[in-house]
Amino acid sequence: MRRSTPPTRARWLAGLMTAALATGACAVVSLVAATPASALANGLAKAPPMGFNDWNSFGCAVDEQLIEQTADYFVSSGLKAAGYNYVNIDDCWLLKARSADGHLVPDPVKFPHGIKGTADYVHSLGLKLGIYEDAGTKTCAGYPGSLGHEQTDANDFAAWGVDYLKYDNCNNQSNGSLADYKARYTAMGDALKKTGRPIVYSICEWGVNDPATWAGDIGNLWRTTGDINDSWGSLKSIIAQNAPLAQYAQPGAWNDPDMLEVGNGHMTDTEYKTHFGLWAEMAAPLLIGTDLRKATPATLSILLNKDVIAIDQDKLGVQGQVIAQGNGTMVFNKPLKNGDRAVALYNSNDAAATMSTTAAQIGLTRSTAYSLKDVWSGTTTETAGTISAVVPAHGTALYRVKAVSDYRKFAPATTLGVTSPSSYTGADIGIAAGATTTFASTISDYGRDALTDVRLTADAPDGWSVAATSAWSAKRVKTNGSFATGWSLSSPASAQPGNYGVTLTASYAYGTHRPVAVTRHVVVQIVPTPPHGSVALSDVTWVSATNGWGPVEKDLSNGETAAGDGKPISIRGTVYPKGLGTNAQSDIVYYVGGKCSSLTTDVGIDDEVATKGGDVLFQIFADDAKVADSGKITNTSAVKSLTANLTGVTWLRLHVDPDGATTYDHGDWAGPQLTCS
Ligand code: GLA
């Protein structure tokens with residue numbers, strides 16, 4: 001089992017947030033008047049700190065060579081020139097015992113020249129050095145903590161030339177009270193102040209005692225969540241926890257949603273751009289957490305994006321506020337010093353979403369038009385007011401928006417949307433092998449200029465066919481107008497289940513300019529053929545499966561981490577050879593194509609957590625209708641049987657709802673049997 005803090009709390013908060021978002025209709029959030037705590041007056045971190053920390057990619061394997069090579073790389077790669085200046089050492093830099101006279105001792109094998117030697121080297125490159133300690137008896141990795149030794153340790157840090165301290169919360173001997181948290185973190189803050197050396201003070205209490213409401217008086221930044229890891233689930237949960245705290249940030253006092261995972265390999269480029277872009281939008285510290293010596297060009301192009309860094313470091317020092325949210329999407333708005341706005345359209349869903357806001361909603365002064373700089377593509381378009389994008393699954397569109405009058409030098413902002421009656425999961429279109437379906441494309445113009453000579457084309461893979469079923473060209477699409485085209489798409493009978501692409505292209509002219517083209521990659525999924533007769537559901541290929549911790553398991557319980565790490569499914573002593581092991585929140589989708597009549601299954605919380613906890617709801621959805629619901633099932637509930645009528649149904653979805661917290665929610669679909677024709 002995972003350790004109980006901080007991840008358990010992160011899981012609890014994530015559960016609450018996921019539940020709230022899943023049920024929330026699209027709501028516009030009004031701007032709350034900012035009442036930040038007064039910032040620590042040490043004059044530091046006027047913009048969110050930028051730099052590196054070794055923990056996310058090296059854990060305890062930190063040493064002088066790594067820190068010095070990283071510092072060298074800051075200079076040679078342009079990271080220093082881009083603003084990254086803190087090179088920070090995390091846990092495990094010291095010996096397991098203090099010296100006879102009570103001082104912390106840098107590990108002489110890892111740091112042969114001491115922290116002082118490393119600091120001197122880093123300073124010689126015009127960079128700064130950070131270090132890690134803990135407001136407890138031991139650090140999280142079991143090295144001596146600073147509780148009760150604050151002044152001695154702060155004096156040593158200052159004498160060594162340390163410029164930044166991350167101060168953790170393990171082994172804290174605390175009664176958990178706010179007073180104790182404030183006292184422990186204030187003790188080190190006061191000690192740092194007494195040294196007279198400017199040292200950025202980073203409070204790391206994992207968001208336990210709502211630090212956003214008090215830590216700004218004591219430190220320069222404070223962690224708002226449990227530890228990040230290099231996964232989409234972690235990123236999504238941290239964004240949900242950090243986003244509502246915008247009002248507490250100001251120059252010298254920042255929410256810290258944890259260090260960056262960009263480049264560590266377990267998320268897609270789209271997800272890493274969401275990570276980096278939203279950290280900038282949320283005025284978060286940008287502390288690189290990857291092995292820079294092995295960084296790919298793709299990683300570096302994210303970390304070095306000047307437009308994104310400028311949003312993070314903007315002098316106004318305002319964290320982007322969520323101004324609308326619902327159905328898994330959030331619209332963020334960050335006012336910038338020169339009057340521009342940084343707008344982030346964040347889509348946490350597993351399917352693309354068309355998202356919009358307006359210049360009025362983000363508080364820009366009235367203007368003939370506005371320019372939209374897409375910070376990732378670098379292209380600038382103009383809009384009469386609507387800011388809209390088709391945002392890919394897990395993606396974030398990030399624009400710098402400016403009021404302009406000379407809009408004619410930019411192409412009009414457009415979106416190319418796709419709707420399909422047969423989309424249900426992450427794909428835009430779902431289709432069986434050898435079948436024909438329909439979809440519609442819509443080109444919308446938000447620019448001040450009209451689109452002229454508009455033409456749509458579609459390209460399908462070899463063996464497929466796609467053809468327009470209605471007009472595919474239009475003379476003119478005016479401001480805030482749109483033009484829709486119907487399409488018919490056929491797949492070859494030999495197509496195997498999986499994702500395929502259809503490329504839609506819209507070309508148009510505007511003003512006196514030559515035509516430009518925009519494209520949309522339409523994801524088409526070949527769904528698995530429904531089974532015949534009565535079969536164990538775990539032998540049927542699903543269309544998609546999402547799960548809270550680790551993957552959904554076939555014929556095993558959920559072990560929380562890797563595929564196949566569960567145990568035989570067992571509920572209240574009954575062992576089931578077949579079934580699906582999940583961990584809420586989980587959704588498993590099957591294509592049954594009108595060919596199946598029923599599903600019967602037992603459900604319950606697995607015996608592996610019987611003495612620990614767990615509390616879920618098992619629900620079966622047929623297309624969009626809920627056709628079975630277990631009600632509350634806990635770790636002590638008896639086995640429950642569910643039956644769902646699937647007559648005429650195309651899509652079957654098995655949903656395990658966390659019913660609040662996600663802790664120990666090992667929900668088993670035990671012995672599920674699907675009956676088809
Ligand atoms: C805690 C912190 C992490 C890292 C480790 C080091 O978990 O939250 O960021 O510093 O300790 O042990």
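Read the numbers this way: they start at 1 and go in the same order the structure lists the ligands and their atoms. Numbers here simply count residues along the sequence, with the first being 1.
- Residue contacts with ligand 1, taken as heavy atom pairs separated by less than 4.0 Å, do not involve Asn169 at all.
- Residue contacts with ligand 1: Asp227 is placed with a nitrogen or oxygen under 3.5 Å of a nitrogen or oxygen of the ligand (distance criterion only).
- Between Asn169 and the choices Arg223, Glu205, Arg184, the side chain to side chain donor-acceptor pair (under 3.5 Å) rule is met once, by Arg184.
- Distances from ligand 1 to the non-hydrogen atoms of Thr139 include no value under 4.0 Å.
- Taking a cut-off of under 4.0 Å to the non-hydrogen atoms of Tyr132, the atoms of ligand 1 that pass are 6 (C), 10 (O), 11 (O), 12 (O).
- Of all atoms in ligand 1, listed by their number and element, those nearer than 4.0 Å to a heavy atom of Cys140 are 1 (C), 11 (O), 12 (O).
- Using a 4.5 Å heavy-atom threshold, the side chains of Phe276 and Leu286 count as touching.
- A cation-pi geometry, defined here as NZ or CZ lying under 6.0 Å from the six-membered ring centre and within 45° of its normal, holds between Lys96 and Tyr143.
- Under a cut-off of 6.0 angstrom, the local environment of NE2 in His266 is sparse, with at most 12 non-hydrogen atoms contributed by other residues, nucleotides or ligands.
- Applying the 4.0 Å criterion to heavy atoms of Lys166 picks out, from ligand 1, the atoms 3 (C), 4 (C), 9 (O), 10 (O).
- Counting heavy atoms under 4.0 Å from ligand 1, residue Cys204 touches it through the side chain alone.
- In terms of modelled atom types and a separation under 3.5 Å, the side chain of Thr274 and the main chain of His394 share a donor-acceptor contact.
- Note: an N/O pair closer than 3.5 Å links Asp168 and ligand 1 by distance alone.
- A salt bridge is defined here as a Lys NZ or Arg NE, NH1 or NH2 lying under 4.0 Å from an Asp or Glu carboxylate O, and Lys194 with Asp190 fails to meet this definition.
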